[in-house]
Enquirer: 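The following block contains the structure, expressed as structure tokens.
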Amino acid sequence: MHLSVVVPCYNEEESIPLLVDRLVQAIEPWAKRAEIILVDDGSSDETWAAMEAAHRRHPVVRGIRLSANRGHQVALTAGLEAATGARIFMLDADLQDPPEILPDMMMMMDRGYDVVYGRRAERQGETLFKKATAYLFYRFLNTLSDVDIPKDTGDFRLVSRRSLDAVLKMPERARFIRGMFAWAGFHQIGLEYVREARVAGETKYPFKAMLRFATDALTGFSTKPLKMATRLAFFSLLVTVLMAIYVFGSLILFNTVAGWASVLLAISFFSAIQLLTLGILGEYVGRLYMESKQRPLYFLSQETGHPAAHAIDFTSESRPITTTPKAPVQKEAS
Ligand code: UDP
Ligand code: MG
């Protein structure tokens, strides 16, 4: 297989027909040796039926269905593990990332790059809040992290087999795939594109999910927040010294009774610092705990289309398609 396309989908029943049409067009030059893998991330709508229909119309489409909703990054991982191509193209189901950029990415890869990632030159149809938080997040992440993670990128990218294999060797649960590719190294280059508005449905990343994603990225790629506790300790020591000077000074000069306001202030100040550092510690300990359980990342519950099935004559529309339900497949993450 030359090219694999991987698309994580969660409640994307409306986007899938449009997505598949545009993808099939975009992969035309490589169609004979290509596969499109749609991952149903435990959707509660008709996403799976849409995938089966897409497979009937275009045998180049394969569908895999996770047993429950595991989140964007795990769904993407499941698709990447199923991919058999020498080059792997990944994008979102909502067509915010234009598949038409693929030939340019392929050209870059011909020149020897292992990762060609899309860089968002502009984002259309997204709230000012989302754009502002995303802008700040990538900059903040880069000041904290030791890995140089390309700014304003998503998981929209074309990667080589060897860079994908490197990423798939990382067993971590809290997955920040764009960062993992950056960490893996190899030759990388960005290609600018305009991020369009969603074709249908609404974002699956509400504020809470964005926050969790950001914390995964920060804790996964930096331990600097932990070291912050030491700095805060020095800072509070300084404040304590200043307070002591003030307290003894006023005692000697004005012979005052110690005031409750300063006591209360000191207590709340130091409690806040302690709780903050405890919270940061908690984030890392919680993640250590989750990682230590070593549970599989996902289970497959259904599959449609087989890697080699269409390779023979998928171009003939008249080919009888068999989509007999298979026994549930269980797969452990490596
Ligand atoms: N997605 C997923 N599982 C989830 C949430 C999202 O597979 O739990 C998919 C979603 O279907 C889409 C991609 O991840 O293809 C990106 O999600 P979305 O477009 O909602 O994010 P946004 O572009 O708004 O940041
Ligand atoms: Mg989107």
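All ligand and atom numbering here is 1-based and tracks the order in the structure.
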Enquirer: Return the closest protein heavy atom for atom 21 (O) of ligand 1 as residue, atom name and distance.
Expert: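 Answer for atom 21 (O) of ligand 1: Y205 CD1, 3.2 Å.
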Enquirer: Relative to the heavy atoms of C9, which atoms of ligand 1 are at a distance of less than 4.0 Å?
Expert: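 Close to C9: 7 (O), 11 (O).
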Enquirer: So, for D21 and H58, which heavy atoms are closest and what is the spacing to 0.1 Å?
Expert: OD1-NE2, 3.7 Å
Enquirer: With L19 as reference, evaluate V7, V5, V61 under the side chain to side chain contact (heavy atoms under 4.5 Å, CB included) test and give the passing residue.
Expert: V7
Enquirer: Is it true that F176 and F140 fall in one hydrophobic cluster, defined by side-chain heavy atoms closer than 4.5 Å?
Expert: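 Yes; tracing contacts between hydrophobic side chains, which count when under 4.5 Å, links both residues.
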Enquirer: Just to verify, which of W183, F156, Y138 counts as forming a side chain to side chain contact (heavy atoms under 4.5 Å, CB included) with R178?
Expert: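 Exactly one candidate clears the test, Y138.
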Enquirer: Note the single closest protein heavy atom to atom 18 (P) of ligand 1, along with its residue, its atom name and the distance in Å.
Expert: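 Checked against all protein heavy atoms, atom 18 (P) of ligand 1 sits closest to R198 NH2, 3.5 Å.
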Enquirer: Using a 4.0 Å heavy-atom threshold (strictly under), name the region of H72 that reaches ligand 1: side chain, backbone, both or neither.
Expert: both
Enquirer: Using a 4.0 Å cut-off to any heavy atom of Q96, which atoms of ligand 1 qualify?
Expert: 19 (O), 22 (P), 23 (O)
Enquirer: May I ask you to check whether D94 brings an N, O or S atom to under 2.8 Å from the Mg ion (ligand 2)?
Expert: yes
Enquirer: Going by the angle between their ring planes, with limits at 30° and 60°, are H187 and Y113 parallel, tilted or perpendicular?
Expert: perpendicular
Enquirer: For atom 9 (C) of ligand 1, what's the nearest protein heavy-atom neighbour? Residue, atom name and distance, please.
Expert: P8 O, 3.7 Å
Enquirer: Under 4.0 Å between a side-chain nitrogen and a carboxylate oxygen: does that hold for K169 and D165?
Expert: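 Not counted as a salt bridge, because no side-chain N and carboxylate O are separated by less than 4.0 Å.
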Enquirer: For atom 6 (C) of ligand 1, what's the nearest protein heavy atom and its distance?
Expert: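 Among all protein heavy atoms, the one nearest atom 6 (C) of ligand 1 is K204 CB, 3.5 Å.
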Enquirer: Considering heavy atoms of the protein only, find what lies nearest to atom 24 (O) of ligand 1 and give residue, atom and distance to 0.1 Å.
Expert: T203 OG1, 2.6 Å
Enquirer: Taking only heavy atoms of D92 into account, list the atoms of ligand 1 that are under 4.0 Å away from them.
Expert: 13 (C), 15 (O), 16 (C)
Enquirer: Answer yes or no: does an N/O atom from E202 fall short of 3.5 Å to an N/O atom of ligand 1?
Expert: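 There is no such contact.
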Enquirer: M90 and side chain to side chain contact (heavy atoms under 4.5 Å, CB included): which single residue from V159, L158, I37 fits?
Expert: V159
Enquirer: Among protein heavy atoms, which lies nearest atom 19 (O) of ligand 1, and at what distance?
Expert: D94 OD2, 2.6 Å
Enquirer: Touching ligand 1 at all, R195? Heavy atoms, strictly under 4.0 Å?
Expert: yes
Enquirer: Considering non-hydrogen atoms of the protein only, which is the closest contact for atom 10 (C) of ligand 1, and what is the distance?
Expert: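 Protein heavy atom at minimum distance: E12 OE2, 3.3 Å.
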Enquirer: Backbone or side chain, does any N or O of A93 fall under 3.5 Å from an N or O of ligand 1?
Expert: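 N/O-N/O distance below 3.5 Å exists for this pair.
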Enquirer: How about Q96: does one of its N, O or S atoms come closer than 2.8 Å to the Mg ion (ligand 2)?
Expert: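 Q96 does place an N, O or S atom closer than 2.8 Å to the Mg ion (ligand 2).
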Enquirer: Please work out which of D41, D155, L95 has its closest non-hydrogen atom nearest to atom 4 (C) of ligand 1.
Expert: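 Minimum heavy-atom distance to atom 4 (C) of ligand 1 goes to D41.
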Enquirer: For the rings on F181 and Y117, is their centre-to-centre separation under 6.0 Å?
Expert: no
Enquirer: Any idea which protein heavy atom is nearest atom 2 (C) of ligand 1, and the distance to it?
Expert: Y10 CB, 3.4 Å
Enquirer: Checking S43 side chain against D45 main chain: does a donor-acceptor pair fall under 3.5 Å?
Expert: no
Enquirer: Is the distance between the ring centroids of H72 and F213 less than 6.0 Å?
Expert: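 No: the rings miss the under 6.0 Å criterion.
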Enquirer: Examine the proximity of ligand 1 to N69 and report which part, side chain or backbone, both or neither, has a heavy atom under 4.0 Å away.
Expert: side chain
Enquirer: Is M170 reachable from V6 through a run of hydrophobic residues whose side-chain heavy atoms are each under 4.5 Å from the next?
Expert: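 Linked, V6 and M170 end up in one cluster.
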Enquirer: Is K130 near ligand 1, meaning one of its heavy atoms is under 4.0 Å from it?
Expert: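 Within the 4.0 Å threshold, so yes.
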Enquirer: Testing the 3.5 Å rule here: is there a donor-acceptor pair between the side chains of Q73 and R175?
Expert: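 No pair is found: no donor N or O on one side chain lies under 3.5 Å from an acceptor on the other.
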